[in-house]
Amino acid sequence: MMNRLPVLKGTLDVLVLRALSWTPMHGFEIVTWLESAAKGSLDLEDSALYQAVYRLEERGLVAASWGVTENNRRARYYSITPAGRSQLRAETRNWMHYAETVTNILTAPRSALPSATT
Amino acid sequence: MIRRDVRRLFQLALRRRDRWEREVEDEIKLHLALRTEQLIAEGRSANDAFAEAARRFGPLTESRARLLEAARHRERHMERAEYLSDLKQDLRFAVRTLRRQLAWAVVTVLTLALGIGATTAVFSVVSSLLLHPVPYPGADRVVFVDQQPNMGNKTGMSISILPSTPIVRGWLANNHSFETLEGFLDGGDGWLGAGGSDADRVHIARAVPTFGRVTGVTPIIGRPFSDAEAATRAHVAIIGEGLWRSRFAGDHSVLGKRIVLDDSLYSIIGVLPSAAHLPRPGSAPPDVWLPLDLHNDQIGVSLVGRLRPGVTIDQARRELDSIYVRARPATSKLQFAARVISPARLVHFRDTLLMLAAAVAVVLLVSCANVAHLQLTRSASRGRELAIRASLGAGRTRLLRQLLTESVLLSGLGGAVGVVVGWLGLHAILVARPASLFELGAAHLDGTTLGITVLVTVGCGIVFGLLGAVHAGRRSTHDALKATASNLSRGGSAGTLRGVLVVSEMALSATLLVGATMLVRSVVMRQRADLGFDPSGLYAVDVDFPNRYATESARQRFNAEAEARIRALPGVRSVSVANVGPTGRGFAIGGLEVQGEPPAPLGETSFIDRNEVTPNFFSTLGIGLTEGTTFTDTSEAANQIIVNEGFARKHWPRGTAVGRHIRIAFNGQGTWKTVVGVAADASPSGPTGDMTEPMLYVPHADNSSTAIYFRASGGDGVAQLARSVVRSIDPSLHPTIVSVTAALHDATSAPRFIMAVLSVFTILALVLASIGLYGVMAHAVAQQTREIGIRVALGASRGRIARHVIVRGVALAVVGATLGLIASHWGTKLIQQQLYGVAPTDTLSLVAGGVVLIGAALLACVVPTRRALGVDPMTAIRAE
């Protein structure tokens, strides 16, 4: 098994938005979706997820309402707001760009070095 | 209703907190349960599964606390956002509603603006002069100290005595009341420059070296006076920032330069900032400061100090008095008491200002009453709208908030326009202010005033909002929906409230009307007053003598020369010299003793008007002699005296006054003088008091302050000539030639100004009250359209219909006027000081006030009456 990755601060928010971009979910659903999507390589306490959701709610990126689960339990369901959607798009673009840039640098051939001679 | 709403709001907040706390707990519980189930499904035992679920969740206590904190933060933020969005919605809705009723909104805003504007203007003056009289540190403990006569002052003026330096030294050395107590002298005006026409008139002050301890001001450049400079009366000067900038262009090399001040040379040693004021509200900062020597026994000085914390003005005064009693010269029997007062009390028109503040408060009340009216009229017509909204599910709190937002927005607009009106009003006051009320110059719109304006504005908004809400909310939704607008507003309580409001408006206006009428009459009386002499064509020469005229003989020579040259001018008919100039007053201070009457007890003091005059003074001014002659011998030994008729009548009601002996005894000393003549009662000081009060004339001997009176035909051209001949004697002097008519006019400018201001407020109140009455009457007619229609249909004559309307309007006015006239009994006490020739119980003013008020009421009824007469019975009856 690979080393489990700690989640970078702020990254969790965008992952939650991604989870909710399909359909409204309650907290445990989001957790299980993240676990399956990350195939177990994320190191995350479950409570941290709720904190992230509350933060997103405060910023108006997700909205909450009470609903009932398949097993007839009362649960707080979270859905992404239009503001959340545009935030997700922007963050995703940023992340891709960042990752691409870092990848490019790490895999750059030696010839890219600036000439040190005068 | 409010209380219930408030409580409900409060409960809601509590429940909200409970709710989200429980929600967080529920969420955690659900999460752990679901995780446990998931793990059991994967094959773990129940206990094991729960432990694993908890482990994955994170340390339970800490996580729970963190989540609660995050939720609390979220809720608070969302509450705020919700509040703001509600507010935005309310505001948008309010703007829309107000725009729909634009005329109504404009009238409301203007009514408030006038009331608030008038208040702002007057309160600016009150705040600048009475609340913030001096810019010194610890200003609330700063006091002005001098002395005043203990008794015998029946002049109607406040007489202050500069304590002599030995007394002051005693006070400084022995008091425990003051943190600091510093001497100063307002030196009046002097001439800066080499003499001649390029000299500048400057304001000079003298101060002790430590004066900065009380003002808290230090020189911008240079240094304060040293003790040695004060003790040696060195010719050093500190100049004010204004003079420094205007005359020396703010040049730092000014230190050490010399200036010529009233013919003497002074070296500049420092520059004081403009904040260095004398402790006299509204006075301009001095241009030149000179050192003051408290060891010079020949002078008296003023004092300003800061009391120690906790020491009252009264304690300080008692201490100074006890020190004075111990230190005063043993021979002196005159009783002077220390006067320790706040600098605000030096504003001599303080009482008038407070009277105007009261008047303006009345205007504000009237305008508020009017707005209350407007609000009632409107909330009646809105009853249906509110009922519909309530039935659509708007909560009471939400509706109340909506109404409050609307009314606070409205009064906010009124307040904003009001501040502009107030600012304009203040400027009008400043532009129109007479020179004798120079203190007004310091008035400005300050933070205190703006703060109070905001408070008044918001207060008005909330009160009127609640008034509207209470009124609209009184009936149940069901009733309101059933009723029509006109039925709704007929409600008895609102009708009564409206009547009460309009009656109080009328009463308040009546009070102002009576006061204003009295002031107008006083001004007329002043202008028509027979002063006992003829001011037309009469002039007086006024000269400030510089130091070189320090000796009596030099001044006497100058006066004699000036008198001779003016007499030689063409058109000049008569010249005379007196000790007291036009509009001025001089007093004999001491015990008056009349031969044949028991002597006054030792130490009793009286203040009797006294003037030193040359023999032809009476003929020059046109004051007749009813008995005896003018002075026949003005030599020092002659001891002749002339009294006025009032004096003669008082002391010798039967028999002749001529040949009687009187004296003014000072410490039991004083030469007896023989009455040689009785002059007609006259008041050269202008229409200030009772002319028949005792007045003494003695031969002119003291040349230190002199007015040369002359009567001339040929108008002000002669005055110019007189000025040039006086200057030709000594070109460095700056004589002013005063037309006595103009001087008298100036002397009465303050009462005229005060009358004008009060009249403006009165008219304002009257107009507002009339609008209020108009509103009530128009509303009543509108409500009774049906009733009037029926009456017309049943054959009521037009006269009957008109009477029906007018009688009701006038009845309201009469009730208001009666209450107002009764109230004016107390109100006029405030203006007593301003009255001249008019008693505070003046019937004519009372009647005039009542008549004007009822006249205004009739005017206000004209339009409603015509509307009532125009009612067409058929339409009116069918209308509902």
Side-chain angles (χ1 to χ4, degrees), chain A residues 4 6-7 9-10 12-13 16 19-20 24-79 81-84, chain B residues 15-44 49-86 88-89:
Chain A
R4 304 233 294 171
V7 179
K9 196 174 154 49
L12 182 55
D13 289 6
V16 172
L20 295 176
M25 295 182 188
H26 59 70
F28 187 68
E29 283 175 336
I30 302 174
V31 171
T32 43
W33 183 84
L34 279 179
E35 279 169 358
S36 66
K39 300 185 180 76
S41 50
L42 279 184
D43 183 16
L44 184 67
E45 275 179 358
D46 295 352
S47 64
L49 175 108
Y50 286 92
Q51 246 175 304
V53 177
Y54 292 172
R55 209 158 49 223
L56 289 168
E57 199 187 343
E58 182 180 327
R59 289 165 63 199
L61 300 178
V62 307
S65 62
W66 285 89
V68 180
T69 67
E70 300 150 22
N71 301 331
N72 231 357
R73 282 176 158 128
R74 242 170 58 84
R76 208 158 185 255
Y77 276 89
Y78 299 95
S79 56
T81 64
Chain B
R15 240 188 270 130
R16 189 166 181 148
R17 185 190 161 86
D18 280 350
R19 198 190 66 216
W20 60 254
E21 275 186 358
R22 213 173 36 237
E23 281 178 1
V24 171
E25 302 288 358
D26 287 353
E27 235 180 341
I28 296 174
K29 248 183 260 164
L30 178 70
H31 179 90
L32 292 177
L34 290 175
R35 179 69 94 187
T36 311
E37 280 168 23
Q38 182 196 38
L39 292 170
I40 290 172
E42 282 171 12
R44 304 215 188 191
F50 185 78
E52 175 60 13
R55 193 193 62 77
R56 291 208 199 166
F57 187 75
L60 197 60
T61 323
E62 276 170 47
S63 307
R64 209 169 124 262
R66 256 206 309 277
L67 285 185
L68 280 174
E69 172 60 26
R72 194 178 60 84
H73 198 264
R74 177 195 71 195
E75 288 300 312
R76 197 182 277 171
H77 180 90
M78 288 172 70
E79 249 174 80
R80 215 163 29 223
E82 201 179 308
Y83 175 83
L84 283 177
S85 109
D86 277 1
K88 222 159 89 185
Q89 193 194 342

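Throughout, protein chains are lettered first and strands after them, A, B, ... in sequence-line order, and every chain is numbered starting at 1. Keep in mind that what you see is a predicted model, and the values were worked out from it rather than measured.
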SB check B/E37 A/R73 (cutoff 4.0 Å) = yes
Within a strict 4.5 Å, meaning less than it, do heavy atoms of the A/R76 and B/D26 side chains meet?
-> no
Interatomic spacing from OG1 in A/T32 to CG in B/L34 - rounded to 0.5 Å | 9.0 Å
List, one per line, each side-chain donor-acceptor pair under 3.5 Å for residues 58-65 of chain A, sequence neighbours excluded.
| from | atom 1 | to | atom 2 | distance (Å) |
| --- | --- | --- | --- | --- |
| A/E58 | OE1 | B/H73 | ND1 | 2.8 |
| A/E58 | OE1 | B/R74 | N | 3.4 |
| A/E58 | OE2 | B/H73 | ND1 | 2.8 |

Heavy-atom distances under 4.5 Å only: say whether B/R35 touches chain A with side chain, backbone, both or neither.
-> both
Could you give me the CA-CA distance, side-chain angles and deciding distance for A/F28 and B/L30, then say whether side chain to side chain contact (heavy atoms under 4.5 Å, CB included) is met?
-> CA-CA 8 Å; A/F28 187 68; B/L30 178 70; over 6 Å; no
Any donor-acceptor pair under 3.5 Å from A/S47 side chain to B/S63 backbone | no
Under 4.5 Å from a heavy atom of chain A, the part of B/Q38 involved = side chain
Among pairs that include at least one residue of residues 57-67 of chain B, which meet salt bridge (Lys or Arg N to Asp or Glu O under 4.0 Å), considering only residues two or more places apart or in two chains?
-> B/E25-B/R64
If you tally heavy-atom pairs under 4.5 Å between each of B/V24, B/I28, B/L60 and chain A, the highest tally belongs to B/V24
Given that the side chain runs from C-beta out, which part of A/E35 has a heavy atom under 4.5 Å from chain B: side chain, backbone, both or neither?
-> side chain
Going by atom types only, do B/E27 and A/Y54 share a side-chain donor-acceptor pair under 3.5 Å?
-> yes
First locate atom CG of B/L32, then atom CG of A/D46, and finally report the distance between them rounded to the nearest 0.5 Å.
-> 8.5 Å
Within a strict 4.5 Å, meaning less than it, do heavy atoms of the B/R56 and A/V31 side chains meet?
-> no
